[in-house]
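Here is the structure we will look at, set down as structure tokens.
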Amino acid sequence: MRTGSRPSSDLARLLGGPVLDAARGLLGVHLVRDDGVEARIARIVEVEAYGGPDDLASHARFGPTARNGSMFGSPGKAYVYGVYGMHTCLNIVCGPVGTARAILVRAVEPLAGVPAMREARHAKALATRRAERDAPGRAATRIATIPVMRLASGPGNVGAAFSIVRADDGCDLLDPAGMLRLEAQPGADPLPASASGPRIGVGFAGAWAERPWRFWVADSAAVSGRRGR
DNA sequence: CTACCGATCCCCT
DNA sequence: GGGGATCGGTAGA
């Protein structure tokens with residue numbers, strides 16, 4: 001056993017296994033955006049598991065389409081989608097290949113690069129037409145006062161704080177040299193205490209919406225919504 | 001605190 | 001043409 005970061009092969013094994021185990025196991029893993037300016041690093045504290053075509057809440061429920069193609073790829077790849085016209089969300093594809101299982105990253109706790117995260121959220125806010133109508137500096141003031149633990153709370157905010165764009169769709173999150181990547185933490189660290197509950201925003205999926213496929217770190221202030229249940 | 005509502009656009013059933 | 005794996009502002013209790 002080596003010290004320091006768990007070998008990425010461990011992460012690959014995790015993502016290749018059952019999707020619920022993978023979702024639970026991703027809690028505590030680090031998400032990194034390292035574009036050579038100021039590295040952004042955060043700890044994953046809330047995720048949701050999505051099954052393949054059988055799961056009526058999953059984007060895979062209609063089979064492969066132009067949007068969800070990367071879901072049908074190999075574990076460890078990113079599945080990035082846009083929703084509501086303005087938000088971009090990050091998923092981690094799980095195995096086996098072709099099963100179209102994925103894990104949505106719903107919240108992370110910033111560990112490094114907080115100024116870069118604020119800058120990214122500001123840039124994203126300014127890209128909307130609403131910003132043009134607002135008083136000058138309104139977005140800047142709002143974002144400057146967001147508590148650190150709220151900067152990347154909620155899937156849309158994770159996307160904004162980490163500058164996730166559709167171009168990231170399909171990238172290899174297990175590549176140690178990738179600009180957007182996952183980094184497992186030392187295996188000696190125990191998995192954080194977690195809780196689970198129904199997935200958010202999938203009421204259209206009937207009974208599938210009730211399955212407790214959302215997982216979060218029990219005591220994290222970065223968890224979105226009403227802190228669990 | 002809860003509840004509603006508009007934003008904004010890609011992809012689809 | 002409709003709707004969405006969301007967010008933040010506003011109104012009211």
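All chains are named by letter (A, B, ...) in the order of the sequence lines, taking the proteins before the strands, and each is independently numbered beginning at 1.
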Does either side chain, that of A/S220 or that of A/E109, offer a donor lying less than 3.5 Å from an acceptor on the other one? yes
With the side chain defined as heavy atoms from C-beta on, A/R121 is closest, among B/dA7, C/dT6, C/dG8, to C/dG8
*Salt-bridged, A/R13 to A/D21, with N to O below 4.0 Å?*
no
Worksheet item: Does A/R150 put a side-chain nitrogen or oxygen below 4.0 Å from OP1 or OP2 of C/dG8?
Response: no
Paired to B/dT8 by Watson-Crick or G-U wobble criteria (both distances under 3.5 Å) is none
Rounded to whole Å, the NZ-P distance (A/K124 to B/dA7) equals 17 Å
*asked:* Does C/dG8 have its OP1 or OP2 closer than 4.0 Å to a side-chain nitrogen or oxygen of A/R138?
replied: no
Residue pair A/R166/A/T128 against DNA chain B: nearer the 5' end by closest nucleotide is A/T128
| field | B/dA7 base stacked by A/Y84 (centroids within less than 5.5 Å, tilt under 30°) | value | no
task = Taking only Lys NZ, Arg NE, NH1 and NH2, and the carboxylate oxygens of Asp or Glu, determine whether A/R40 and A/D35 approach each other closer than 4.0 Å.
result = yes
Return no unless some side-chain N or O of A/R142 is found under 4.0 Å from OP1 or OP2 of C/dG8.
yes
Verify same cluster id: A/L15, A/L27 (apolar side-chain graph, 4.5 Å)
yes
Name the nucleic acid region contacted by A/R67, choosing base, sugar-phosphate or nothing; use a 4.0 angstrom heavy-atom cut-off, strictly under.
sugar-phosphate
Separation of B/dA7 atom C1' from A/R129 atom CZ, nearest Å, is 10 Å
Value for CG (A/L26) from CD1 (A/I92), rounded to nearest 0.5 Å, stands at 4.5 Å
- Any side-chain N or O of A/N157 under 4.0 Å from OP1/OP2 of C/dG8? yes
Any salt bridge linking A/R106 with A/E48? Criterion: basic side-chain nitrogen under 4.0 Å from a carboxylate oxygen. yes
Among the nucleotides B/dT13, C/dT6, B/dA7, whichever has the atom closest to the side chain of A/M86 is B/dA7
Check your understanding: How would you label the contact of A/G85 with the nucleic acid (heavy atoms, under 4.0 Å): base, sugar-phosphate, or nothing?
Key -> base
Answer for the Watson-Crick or wobble partner of B/dA3, both distances under 3.5 Å, is C/dT10
From NE2 of A/H59 across to P of B/dT13 the rounded distance in Å is 13 Å
Open item on the list: Students often get this wrong, so: under 4.0 angstrom with heavy atoms, is A/G154 touching a base, only sugar-phosphate, or nothing?
Closed with: sugar-phosphate
From NE2 of A/H87 across to C1' of C/dG8 the rounded distance in Å is 9 Å
Discussion item. Regarding A/A66, tell me which of base, sugar-phosphate or nothing describes its non-hydrogen contacts under 4.0 Å with the strands shown.
Written reply: sugar-phosphate
Side chain to side chain, A/L151 and A/R121, heavy atoms closer than 4.5 Å:
yes
Separation of C/dA5 atom P from A/W213 atom CH2, nearest Å, is 16 Å
Under the side-chain hydrogen bond (donor to acceptor under 3.5 Å, both in side chains) criterion, do A/S194 and A/R24 qualify, and how do the steps go?
CA-CA 8 Å; A/S194 66; A/R24 172 70 180 76; 2.7 Å; yes
| said: Categorize A/Y81 for me: base, sugar-phosphate, or nothing, with a 4.0 angstrom heavy-atom threshold over every strand shown. | reply: base
- Query: Base, sugar-phosphate alone, or nothing: which one does A/N91 contact when heavy atoms must sit under 4.0 Å apart?
  - Reply: base
Residues in residues 93-104 of chain A with a heavy atom under 4.0 Å of DNA chain C, by number, are A/L104
